[in-house]
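Please read the structure below before turning to the comments.
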Amino acid sequence: MDARPEGADATADVHPAEPQGNNGRAIPSLRLRGVERRYREGDHYLEVLRSANLAIQAGEVVALIAPSGAGKSTLLHVAGLLEKPDAGEVYIGGVAAGSLDDAGRTRMRRMQIGFVYQFHHLLPEFTAEENIMMPQMIRGLDRKIAAERSRELLAYMKLAERASHRPSELSGGEQQRVAIARAVANAPKLLLADEPTGNLDPKTAHYVFDALQALVRASGLAALIATHNLDIADRMDRRITLQDGKIEEI
Ligand SMILES: Nc1ncnc2c1ncn2[C@@H]1O[C@H](COP(=O)(O)OP(=O)(O)OP(=O)(O)O)[C@@H](O)[C@H]1O
């Protein structure tokens, strides 16, 4: 797997989890460098990301706010290694991951990235605890260890009493808190969320965001959260937008 730390010689054998850059600064959990992404539209290309640059450090929660069609989902897909950039590179914890082949990106994604969507996508026939166990078991963890970690996360999310409930027996806010716990079950470096509170009433939205933010800070994750909710965006550490395919701080 060609997963070398950013700036490193291609032939150097450097551990991917190296925490410090050469200049002594911490390596960002997510870095985009000159990322381009275009889609073919008939006889021309629609350039959605153009030389997009971004760095998010561990513990930071960053809001992505942009009008519909500006490229938020595209950015999340490329940062989340679901799509390959046409040019540039995506680094996860200093590892050049965006340009890996499909198998390499899938491996990296499973270990290092958690996703939360507007709709929870929990498996309906499994309990809250089992849903959080799922990604851990896919990764090959022992069932007992996975169950223990799930219960810890449920307790952190103030859902210990709901461990054996199925999604249909949970409120919308509870379902979304379980989805957040599932996203971080494998202790990823990066959490990517697309409208995680978009389906909730304002009060519940803030409550769920509180839980997400506390979890990000406590686990030393970095989070990039696309949202149309400006009140929630105002509570994040930084706000970015997409302008003509480039990332700009607001
Ligand atoms: N797979 C694809 N093939 C062709 N065009 C695409 C593809 N995915 C996205 N696009 C186009 O790229 C542009 C950006 O789409 P994207 O979904 O990233 O925007 P968005 O900011 O997330 O929008 P929304 O807020 O409405 O979800 C849009 O014009 C869209 O039609």
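Every number for a ligand or one of its atoms is a count from 1 in the order of the listing. Being a predicted model, the structure only gives us computed values, none of them experimental.
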Ligand 1 versus [X], non-hydrogen atoms closer than 4.0 Å: side chain, backbone, both, neither?
X	result
L75	neither
V48	side chain
A66	neither

Identify, by atom number and element, the atoms of ligand 1 in contact range of [X], meaning under 4.0 Å from any of its heavy atoms.
X	answer
S73	17 (O), 18 (O), 20 (P), 22 (O), 27 (O)
P67	21 (O)
K72	18 (O), 19 (O), 20 (P), 21 (O), 22 (O), 23 (O), 24 (P), 25 (O)
T74	15 (O), 16 (P), 18 (O)

Is there a side-chain contact between [X] and [Y] in this structure, where contact means two heavy atoms from C-beta onward sitting under 4.5 Å apart?
X	Y	answer
S164	E129	no
D237	V62	no
I247	L75	yes
E83	V78	yes

Taking the six-membered ring of Y45 as reference, does the cationic atom of R40 (NZ for Lys, CZ for Arg) lie under 6.0 Å from its centre and within 45° of its axis?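 Output yes; distance and angle both within limits.
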Which residue supplies the protein heavy atom nearest to [atom], what is that atom called, and how far is it?
atom	result
atom 4 (C) of ligand 1	Y39 CB, 3.3 Å
atom 19 (O) of ligand 1	G71 N, 3.3 Å
atom 24 (P) of ligand 1	S68 OG, 3.6 Å
atom 30 (C) of ligand 1	L46 CD2, 4.5 Å
atom 14 (C) of ligand 1	G69 O, 3.3 Å

Does a donor on one side chain and an acceptor on the other come within less than 3.5 Å for H120 and R182?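 No pair is found: no donor N or O on one side chain lies under 3.5 Å from an acceptor on the other.
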Assigning hydrophobic clusters by single linkage (Ile, Leu, Val, Met, Phe, Trp, Tyr; side-chain heavy-atom cutoff under 4.5 Å), is L191 placed with M134?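 Hydrophobic grouping puts L191 apart from M134.
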In Å, rounded to the nearest 0.5 Å, how long is the span from CZ of R31 to CD1 of I56?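 Nearest 0.5 Å value for the CZ-CD1 distance: 11.5 Å.
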Nearest-0.5 Å distance, CG of residue D194 to CG of residue L76: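 Result: 5.5 Å between the selected atoms.
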Atom 22 (O) of ligand 1 touched by protein heavy atom at under 4.0 Å: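 So atom 22 (O) of ligand 1 has protein heavy-atom neighbours under 4.0 Å.
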